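Throughout, a chain's letter reflects where its sequence line sits, starting with A, and its residues are numbered from 1. Model, not experiment: these values are computed from the prediction.
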There are 2 protein chains.
Amino acid sequence: MGTVSKALSLLGFFNHQRTEIGLSDLTRLSGLNKATVFRLMAELQEGGFVEQTGEGRAYRLGPEVLRLAALREAAVPVLSVSRAILDALAEETGETAHLSLLRGGALHTLAHAYSARHATRVMMDDAEVLSFHGTSSGLAVLAFAPEPFIEAVLAAPLPAHTAQTETDPQAVRRALAGVRETGLACSRGGFEAEVHSHGIPLFGPDRAVMGALAVAAPASRMTPEHAAMIRAALRRAGAEMTRRIGGCPPDHWPREDAA
Amino acid sequence: MGTVSKALSLLGFFNHQRTEIGLSDLTRLSGLNKATVFRLMAELQEGGFVEQTGEGRAYRLGPEVLRLAALREAAVPVLSVSRAILDALAEETGETAHLSLLRGGALHTLAHAYSARHATRVMMDDAEVLSFHGTSSGLAVLAFAPEPFIEAVLAAPLPAHTAQTETDPQAVRRALAGVRETGLACSRGGFEAEVHSHGIPLFGPDRAVMGALAVAAPASRMTPEHAAMIRAALRRAGAEMTRRIGGCPPDHWPREDAA
DNA sequence: GTGATCGGTTCATTATTCGAACCGTTGGTT
DNA sequence: AACCAACGGTTCGAATAATGAACCGATCAC
């Protein structure tokens, strides 16, 4: 592993639960030597990728990442495009809509939108990592991922996030086959209890799956009619989103029964 | 310069004019060896910080920066906080409002908001670099920056962006003294002709200046009454913004003539 | 066909990074 | 007040990883 990769991997330890990390913690988390971590962080700090908080000397992400994100958006406007689509999707379904993208073998949520229609709603955080077997987004992505990737995901132990989580690899495989047929994934309480979510995969210009759009609703609200409405809205939104990012579905995409 | 800094500096060559850069261009821009650039980019690519476009093999910024930006926002919500304030400021003044932050000795615009009131408006891009002597944001920041920093900025040649740009260091110093007294900076066509902008500095928790909020309007619309209204709105928005990011103005801040 | 340029690769040389041990400080315990 | 552990940060010889000139094959203009 090169020096640069080590430095970048340090940035990976930041998440919503851990927005600030001290030198010693970072050393333990990374398994690297303390002096190494210190030097790497010093360089990242110089570049503005991290900064140290006033009181404690803990590190947190720096302002430079905002600049880069703005430029990434200028080059590939996935986020700004998704914002409008997510808002419309949340409005139309009356539920929480969210976008997640595949990054380095993991699925990260990147944006979400709430509907004001109901007092109860599913709450979301950005930059969370989603489970492949326990969420509709995960199943949607996995169903259209390359076989070796599916293999790798299902070979690892599948944690049970709730009592409803399907943890049998064979059962997950059967579910994936269904997703491939319909183009839609569904999860009942597989990640959070009482949350029923529908997901649809998004495809890039190379026709490879790059993420998913999903609608999450309280299970109590999920009637067959509501689910049908959500699925129809999701199909439309997914097609729109894939189109807007210059993407293209694969050959075996079930276009015949689209909305 | 360490390896990590070199890698990070490569990311610095991306901007709005150049969202995609080929290997050879990057080699020329950086002055590094082609093999070195290739290796560094490969590591950045592995980390998801850059990716290669389908057709040409040029590099562009990758999705990982979006994830980091979302986390930075979770830790220090400057952008999301600013969004609401910028929108209100644009609405209230009927002009274009924008936020810029100090990063590595340069002032970068990071967010902006337009008003729908007028057909003519000043257009903005995010992630642009602002001139210190030619913009109201720059003057606002510089006025409250440490003396050595002012020294350094004024020691370098001051480019004339327009015929109206003040390029005499002594004249700029006099302007800064005025800004310190009023807490507000003003620029008439100093960066773009026919643009009249007002800026107010923002302060961090350490009481140091960290950026500026500004309102830019076509010079043709700038009557004394309009300017007074903008200044009042800007003072309110600036105080709110500094407060919301946990900041605090310095001792010599002119609080007496607020609003 | 020729030559220029592109992205990418090789490999011996060398400069940079690594890591155990070591500071000075801080904050909690006795 | 003495102690101790943990913190952020520093040092320096040993070891590893970065470097860059030369080299590919592909593409393209002429």
Notebook entry, point to check: Toward the 5' end of DNA chain D, which comes first, B/L32 or A/K34, by nearest nucleotide?
Noted result: A/K34

Next item on the list: For the pair B/T36 (side chain) and B/L32 (backbone), establish whether a donor and an acceptor sit closer than 3.5 Å, ignoring hydrogens and angles.
Entry: no

Next item on the list: Respond yes when some side-chain nitrogen or oxygen of A/R28 is under 4.0 Å from OP1 or OP2 of D/dC7, and no when none is.
Entry: yes

Note to self: Whole angstroms only, please: what is the NZ-P distance between A/K6 and D/dT16?
What the structure shows: 11 Å

Check: Does C/dC6 have OP1 or OP2 sitting under 4.0 Å from an N or O in the side chain of B/S24?
Finding: yes

Checklist line | Any A/Q45 side-chain nitrogen or oxygen under 4.0 Å from OP1 or OP2 of D/dG8 | finding: no

Note to self: Any side-chain N or O of A/Y59 below 4.0 angstrom from OP1/OP2 of D/dC7?
What the structure shows: no

Next item on the list: May I ask you to verify if any side-chain N or O of A/T3 is less than 4.0 angstrom from the OP1 or OP2 atom of D/dA17?
Entry: no

Item checked: Whether B/S30 side chain and B/T27 backbone form a donor-acceptor pair below 3.5 Å -> yes

Next item on the list: Using heavy atoms to find the nearest nucleotide of DNA chain D for A/I21 and B/M1 separately, return the residue whose nucleotide is more 5′.
Entry: A/I21

Check: Counting heavy atoms not belonging to A/E240, are there more than 12 under 6.0 Å from its CD?
Finding: yes

Next item on the list: Round to a whole Å and report the spacing from CG of B/D25 to P of C/dG7.
Entry: 7 Å

Notebook entry, point to check: Separation of B/R57 atom CZ from D/dG25 atom C1', in whole Å?
Noted result: 10 Å

Notebook entry, point to check: Between B/L40 (CG) and C/dG8 (P), how many Å, whole number?
Noted result: 14 Å

Item checked: B/R39 vs D/dT19: side-chain N/O to OP1/OP2 distance below 4.0 Å -> yes

Margin query: Please report the distance, rounded to the nearest Å, between CG in B/N33 and P in D/dA22.
Written below: 11 Å

Next item on the list: Could you tell me whether the side chains of A/T109 and A/E128 share a donor-acceptor contact shorter than 3.5 Å?
Entry: no

Item checked: Listed nucleotide nearest any side-chain atom of A/F38, set C/dT17, D/dT10, D/dG8 -> D/dT10

Check: Starting at CG of B/L26 and ending at P of D/dG20, how long is that distance when rounded to a whole Å?
Finding: 15 Å

Next item on the list: Give the rounded distance in Å between these two atoms: CG of B/L23 and C1' of D/dG25.
Entry: 15 Å

Notebook entry, point to check: Looking only at side chains, do B/E51 and B/Q45 share a donor and an acceptor under 3.5 Å apart?
Noted result: no

Next item on the list: Calculate the interatomic distance between B/E43 atom CD and C/dG8 atom P; express it in whole Å.
Entry: 15 Å

Next item on the list: Between D/dT11, D/dG9, C/dT10, spot the one nearest the side chain of A/A35, thanks.
Entry: D/dT11

Next item on the list: Look at A/T36 and C/dG19 and indicate whether a side-chain polar atom (N or O) is within less than 4.0 Å of OP1 or OP2.
Entry: yes

